[in-house]
Structure formats: structure tokens, C-alpha cells
Q: 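I'd like to ask you about the structure that follows.
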Amino acid sequence: MLSWLRRFPHDVMHRKENGGSGRRTSSSSTTWRNKGNNSFTARIIRCASSVVDATTSRRRMQEDDDRLASSPPPRHSSDDADEDENDYKSKSNSQHNKVGVVSAKAFSFRELAEAAGSFRQEHLIGEGGFGRVYKARLQQAEQQVVVAVKQLDPNGFQGNGEFVVEVLMLSMLHHPNLVNLIGYCAEGEQRLLVYEYMALGSLEDHLLLPMRARGVLPWRTRMRIAHGAAQGLEYLHDRGVIYRDLKSSNILLHQDYSPRLSDFGLAKLLPTPASSSSSSSSNNSSTNRVMGTYGYCAPEYLRTGKLSAKSDVYSFGVLLLELITGRRAIDATRPDGEQSLVGWAAAYMFAVDPTKLHHLVDPRLVISMQSPPASELKQAVGVAAMCLQEHHALRPEMTDVVMALSFLAAAKDDDHPN
């Protein structure tokens with residue numbers, strides 16, 4: 001186990017095709033120019049409506065399945081995020097999930113441009129491979145509501161298919177730890193998404209960027225963020241959805257530091273055991289395309305392209321290590337042997353001497369005299385180590401991870417003195 005953890009992340013580094021850390025992997029960029037998008041909104045509504053119709057007609061059968069505790073819910077296999085909308089529609093029809101009518105509102109481009117101040121620089125609050133995010137004010141009823149508007153770059157990492165998946169997913173999945181999608185725009189060549197505004201930005205802003213005036217992120221807050229993110233993943237897995245792109249920049253923080261998973265463009269439906277076994281040979285060409293972010297991808301996913309819920313569990317283990325150490329998953333600025341977080345941390349996670357675990361603690365916590373109690377550090381590192389097991393079958397379910405982290409999130413700072 002230890003030798004693999006030291007070796008594997010360096011193999012990942014050699015696979016890098018894009019410079020810098022935190023970048024998605026993709027076979028090609030996708031554009032949606034000149035594709036006849038006049039009926040785009042109608043197609044989204046038809047896809048969602050078909051899911052509702054199918055769910056209603058099979059509700060009695062699903063209720064019978066729910067009574068069989070030992071039987072997994074029926075799920076359908078899924079292709080890559082940029083698949084055709086009709087393919088996604090047929091897969092969604094088989095999803096065992098509580099769904100409803102599309103709740104997101106269709107906005108005009110002019111309406112969003114006015115709300116975001118014509119997308120001027122002073123309204124810019126974020127930028128990535130997908131495009132730019134602007135702070136905007138929308139008039140709803142008799143009041144103005146602050147929102148975040150993500151304007152997708154047609155030549156960026158997030159393509160037309162990913163846009164459709166995100167609208168569908170966030171229209172039908174609702175949880176306190178998932179970002180709330182308010183609406184979207186699919187007018188001409190424009191692709192925009194409207195989210196609830198998260199005043200504290202992303203976890204990456206607080207954890208991995210240079211420390212700002214607000215100070216270091218406390219240990220207890222970190223564990224509560226980890227617990228909330230785990231609850232969000234648990235909710236998705238219970239509904240047959242693989243998130244596939246868990247990372248600190250995709251976790252947004254509410255005013256009270258409660259986390260919200262965002263950016264669902266790469267989300268996929270879990271395959272059923274029957275479909276995965278009977279059509280494994282025919283699906284090899286589509287499953288071998290690896291999508292995600294370097295440093296977070298599970299080893300079996302990188303090797304074979306086969307995706308499972310345990311792939312998300314591995315990514316969560318990397319995220320938990322980031323929260324413990326304050327280091328990036330992949331950091332090319334560090335010396336050799338420390339560029340991969342998992343490879344560097346392995347020597348301490350599986351050391352015979354448990355006192356060496358303190359080497360994993362974020363130095364900023366140590367300097368500010370906020371180091372976690374030894375018992376809590378041991379438990380948090382233990383959860384991360386289980387999530388990072390080489391063989392996916394040995395990793396825990398997210399339900400178990402949520403349970404383990406609940407004690408760390410709920411504990412008071414004076415419960416376990418150092």
C-alpha cells in the first residue's frame with residue numbers, strides 16, 4: 001500500500017498534458033457554434049419531462065424495489081458528459097431517482113448581461129477553464145437578488161453536452177450541500193448558468209491561496225466542510241449519480257462556511273451490474289476516456305477508464321488530505337517527492353510511529369496555535385487513508401465516511417484538549 005501511494009502520483013504527473021494544477025483532462029475542446037440552438041431550451045424541458053413521465057409510470061415498481069433492502073436500485077449506464085442530449089434522455093428514463101419538473105428558469109442573454117453590468121471586469125469574481133463567473137443582481141418579484149452568472153467559453157473545457165448535463169442534474173437534484181441552480185441561458189451561441197451567490201467563494205480561496213486578512217481556516221471549520229461535502233456526495237450516490245470532479249475549487253462556501261458542491265458538467269449516472277457485465281466489451285471505447293482533474297482521479301479510473309462511486313470516494317480522500325495539510329493535490333512548485341500530496345503524505349499516514357502524524361498538519365494551524373487534538377488528527381487521517389485505498393472495493397461507502405466525520409464536525413473545541 002505504502003509503495004503504491006508513493007509511486008502512483010508520480011505516474012500521474014507524467015500523464016499531464018495541460019500545464020499547472022487543478023486542470024481538467026479532456027480529449028478535445030468542444031464548441032457549439034452553428035449547431036442550430038434555437039430549440040435548445042425546448043430540448044432541455046423535453047428531456048426532463050420524459051424523466052418525470054417515466055418515473056410516474058414506474059413508481060409502483062420502484063416502491064416494491066425499495067422494500068427489498070438487499071437489492072440495489074435500478075440504474076442505467078452513461079456515456080461521457082458531452083454525449084448527445086437524446087442519449088442522456090434515454091439514460092435518465094431508467095434512473096431510480098426522485099425527480100421533478102425543471103426548476104431552473106430560462107433567461108435571455110440581454111437580461112443576464114444587464115444584471116451582470118455588461119460583464120465588465122469589476123463584476124468578475126472567478127475564472128477557470130470553463131469561462132468566467134460574474135456577480136449579478138436579478139430583479140425577482142419586488143426585490144433584487146444577488147446571483148453568480150457563469151458564462152461558458154465556447155472553446156473552453158466545458159462543452160455543450162456538459163452544459164445540458166449540469167442544467168438537468170441541478171434541476172432535479174436538491175440538497176443543502178449542492179449549489180442551487182436558479183436558471184440558465186441558451187440563446188444563440190451563448191451558454192450561461194445562474195447560481196445562488198456564495199459570498200465566501202470557494203474552498204480553494206480559503207485553504208490553498210495565500211492567507212488573507214480573514215486568517216487561517218480553523219480545524220473545526222475544516223472538518224465541518226469535509227462533513228458537508230461528504231453528505232453531498234452521499235446524496236448523489238444514493239440517487240445513482242457519480243460527481244466525478246470533486247476538488248477544492250468546486251466546493252463553494254455559504255456565509256456560515258457550509259459547503260456546496262458545484263460544477264456538475266462531468267456528472268454521470270451509475271451503471272447497473274447487469275448492463276456493466278453484459279456490455280463491457282461494447283462500452284470500452286467510451287469508458288476509456290478519462291475526464292476529471294489531475295491529482296484527484298482514482299487509480300483504477302486512470303488505468304481503465306471505468307468509473308464507479310468509489311472513484312468519488314478516492315477524490316474525497318484527496319480533498320480531506322488538502323483540508324488536513326493545507327497543500328494542493330498536485331503542486332509543481334514543491335521539491336521532488338512533495339509535488340504529489342498523496343505520495344508525500346503516505347510516509348506519515350502509514351508510519352509505524354503514530355506521533356509522526358503531526359507532520360501532516362497545516363503549518364498555518366501550528367503557527368496560530370490551532371493544531372487539532374491528536375485523537376482527532378488520527379481519526380481524520382484514518383478516514384483519508386481508507387478513502388485512498390488502491391483497490392476500490394476496500395474503500396468505504398460515503399455513508400460510512402459521513403458517519404465517521406460527524407463526530408469531528410460536531411465536537412467542541414474544548415472536548416478533547418491536546
Side-chain angles (χ1 to χ4, degrees), residues 24 26 29-33 35 37 40-45 47-48 81-82 85 88 100-119 123-140 145-175 177-199 201-202 232 236 241 243-247 249-254 259-268 291:
R24 281 180 176 173
S26 177
S29 60
T30 306
T31 62
W32 49 78
R33 300 181 184 277
K35 291 187 177 181
N37 296 306
F40 192 90
T41 299
R43 290 203 297 274
I44 289 179
I45 295 175
C47 288
D82 58 350
E85 291 96 327
Y88 189 87
V101 179
V102 172
S103 58
K105 177 182 177 182
F107 291 95
S108 68
F109 177 74
R110 180 176 181 179
E111 186 176 3
L112 295 183
E114 291 177 354
S118 299
F119 304 109
H123 291 265
L124 182 66
I125 58 176
E127 188 172 5
F130 54 79
R132 296 184 172 186
V133 181
Y134 298 87
K135 184 177 181 180
R137 294 182 179 274
L138 283 175
Q139 189 69 34
Q140 293 187 350
V145 179
V146 180
V147 298
V149 177
K150 181 165 75 172
Q151 185 178 31
L152 274 64
D153 180 1
N155 296 311
F157 290 103
Q158 189 159 347
N160 195 53
E162 292 174 326
F163 176 83
V164 175
V165 170
E166 183 149 8
V167 172
L168 287 173
M169 287 288 186
L170 290 180
S171 291
M172 297 183 290
L173 299 173
H174 302 280
H175 186 269
N177 295 117
L178 304 186
V179 71
N180 181 33
L181 180 68
I182 297 174
Y184 63 93
C185 172
E187 185 176 303
E189 297 179 353
Q190 297 296 332
R191 295 290 179 273
L192 300 98
L193 295 166
V194 184
Y195 303 99
E196 59 177 326
Y197 178 69
M198 296 284 105
S202 72
L236 294 177
V241 177
Y243 184 40
R244 199 161 57 150
D245 202 17
L246 182 69
K247 55 184 177 180
S249 60
N250 279 349
I251 297 181
L252 304 181
L253 300 178
H254 198 261
R260 307 283 196 277
L261 303 185
S262 67
D263 199 347
F264 283 74
L266 297 185
K268 292 180 67 175
M291 301 285 289

Q: Using side-chain contact (heavy atoms from CB on, under 4.5 Å) as the criterion, point out the one residue from M172, K268, M169 that pairs with V241.
A: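 Among M172, K268, M169, the one meeting side-chain contact (heavy atoms from CB on, under 4.5 Å) with V241 is M169.
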
Q: Which atom pair, heavy atoms only, marks the closest approach of A104 to G183?
A: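 Looking at all heavy atoms of both residues, the shortest contact is CB-CA, 3.9 Å.
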
Q: Decide yes or no for L112 and L138: does some side-chain heavy atom of the first lie under 4.5 Å from some side-chain heavy atom of the second?
A: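 Answer yes - side chains close enough.
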
Q: Hey, could you give me the CD/CZ distance between E127 and R132, rounded to the nearest 0.5 Å?
A: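 Going from the CD atom of E127 to the CZ atom of R132 covers 4.5 Å.
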
Q: A side-chain contact here means heavy atoms from C-beta on lying under 4.5 Å apart; do L246 and I251 qualify?
A: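 Yes, side chains in contact.
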
Q: Does any part of the side chain of Y195, heavy atoms only, come nearer than 4.5 Å to the side chain of L252, both counted from C-beta?
A: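 No; the side chains remain at least 4.5 Å from each other.
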
Q: Under a 4.5 Å cut-off applied to non-hydrogen side-chain atoms, are M198 and H254 in contact?
A: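 Touching, per the 4.5 Å side-chain cut-off.
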
Q: Should L193 and F163 count as side-chain neighbours, where that means a heavy-atom distance under 4.5 Å?
A: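 In contact.
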
Q: Using a 4.5 Å cut-off on heavy atoms from C-beta on, say whether the side chain of Y243 contacts that of L261.
A: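 Side chain of L261 against side chain of Y243, heavy atoms only: contact under 4.5 Å found.
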
Q: Q139: what forms a side-chain hydrogen bond (donor to acceptor under 3.5 Å, both in side chains) with it, not counting sequence neighbours?
A: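 side-chain hydrogen bond (donor to acceptor under 3.5 Å, both in side chains) list for Q139, sorted by chain: empty.
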
Q: Indicate the atoms forming the closest heavy-atom contact of R137 with V146, along with that distance.
A: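 Closest pair (atom of R137, atom of V146, distance): NH1-CG2, 3.3 Å.
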
Q: Going by the rule side chain to side chain contact (heavy atoms under 4.5 Å, CB included), which residues pair with A136 if we only count those two or more places apart in sequence or in a different chain?
A: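 A115, A116, V147, V149.
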
Q: My understanding is that only residues two or more places apart in sequence, or in another chain, count here; which of them pass side-chain hydrogen bond (donor to acceptor under 3.5 Å, both in side chains) with Q151?
A: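 Once residues adjacent in sequence are excluded, the partners of Q151 under the side-chain hydrogen bond (donor to acceptor under 3.5 Å, both in side chains) criterion are Q190.
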
Q: Report the residues that fulfil side chain to side chain contact (heavy atoms under 4.5 Å, CB included) with H175, sequence neighbours left out, ordered by chain and then residue number.
A: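 H175: side chain to side chain contact (heavy atoms under 4.5 Å, CB included) contacts with N177, L178, Q231, Y235.
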
Q: Taking it one step at a time, do V133 and L124 satisfy side chain to side chain contact (heavy atoms under 4.5 Å, CB included)?
A: CA-CA 6 Å; V133 181; L124 182 66; 5.8 Å; no

Q: Is a side-chain N or O of N250 found less than 3.5 angstrom from the main chain of D245, in a donor-acceptor match?
A: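 At least one qualifying donor-acceptor pair exists.
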
Q: Does the R191 side chain pair with the main chain of L152, one donor and one acceptor, at a distance under 3.5 Å?
A: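 Such a contact is absent between R191 side chain and L152 backbone.
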
Q: Would you indicate whether the side-chain heavy atoms of K105 and I182 approach each other to under 4.5 Å?
A: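 No, side chains not in contact.
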
Q: May I have the step-by-step check of side chain to side chain contact (heavy atoms under 4.5 Å, CB included) for F264 and L181, ending in yes or no?
A: CA-CA 11 Å; F264 283 74; L181 180 68; over 6 Å; no

Q: Decide side chain to side chain contact (heavy atoms under 4.5 Å, CB included) for F107 and L192; before the verdict, give the C-alpha distance in whole Å, the side-chain angles of both, and the deciding distance to 0.1 Å.
A: CA-CA 9 Å; F107 291 95; L192 300 98; over 6 Å; no

Q: I'd like to check the ring pair (Phe, Tyr, Trp, His ring centres under 6.0 Å) partners of F119; sequence neighbours left out, ordered by chain and number.
A: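 F119 satisfies ring pair (Phe, Tyr, Trp, His ring centres under 6.0 Å) with F109, Y134 once adjacent residues are dropped.
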
Q: Taking all non-hydrogen atoms of both residues, which atom of R260 and which atom of V179 are closest, and how far apart?
A: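 So the minimum-distance heavy-atom pair works out to CB-N, 3.8 Å.
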
Q: Would E111 and E187 count as a side chain to side chain contact (heavy atoms under 4.5 Å, CB included) if you check the C-alpha gap in whole Å, the side-chain angles of each, and the deciding distance to 0.1 Å?
A: CA-CA 11 Å; E111 186 176 3; E187 185 176 303; over 6 Å; no

Q: Please list, chain by chain and in numerical order, all residues satisfying side-chain hydrogen bond (donor to acceptor under 3.5 Å, both in side chains) with S262, sequence neighbours excluded.
A: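 side-chain hydrogen bond (donor to acceptor under 3.5 Å, both in side chains) check on S262 returns nothing, list empty.
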
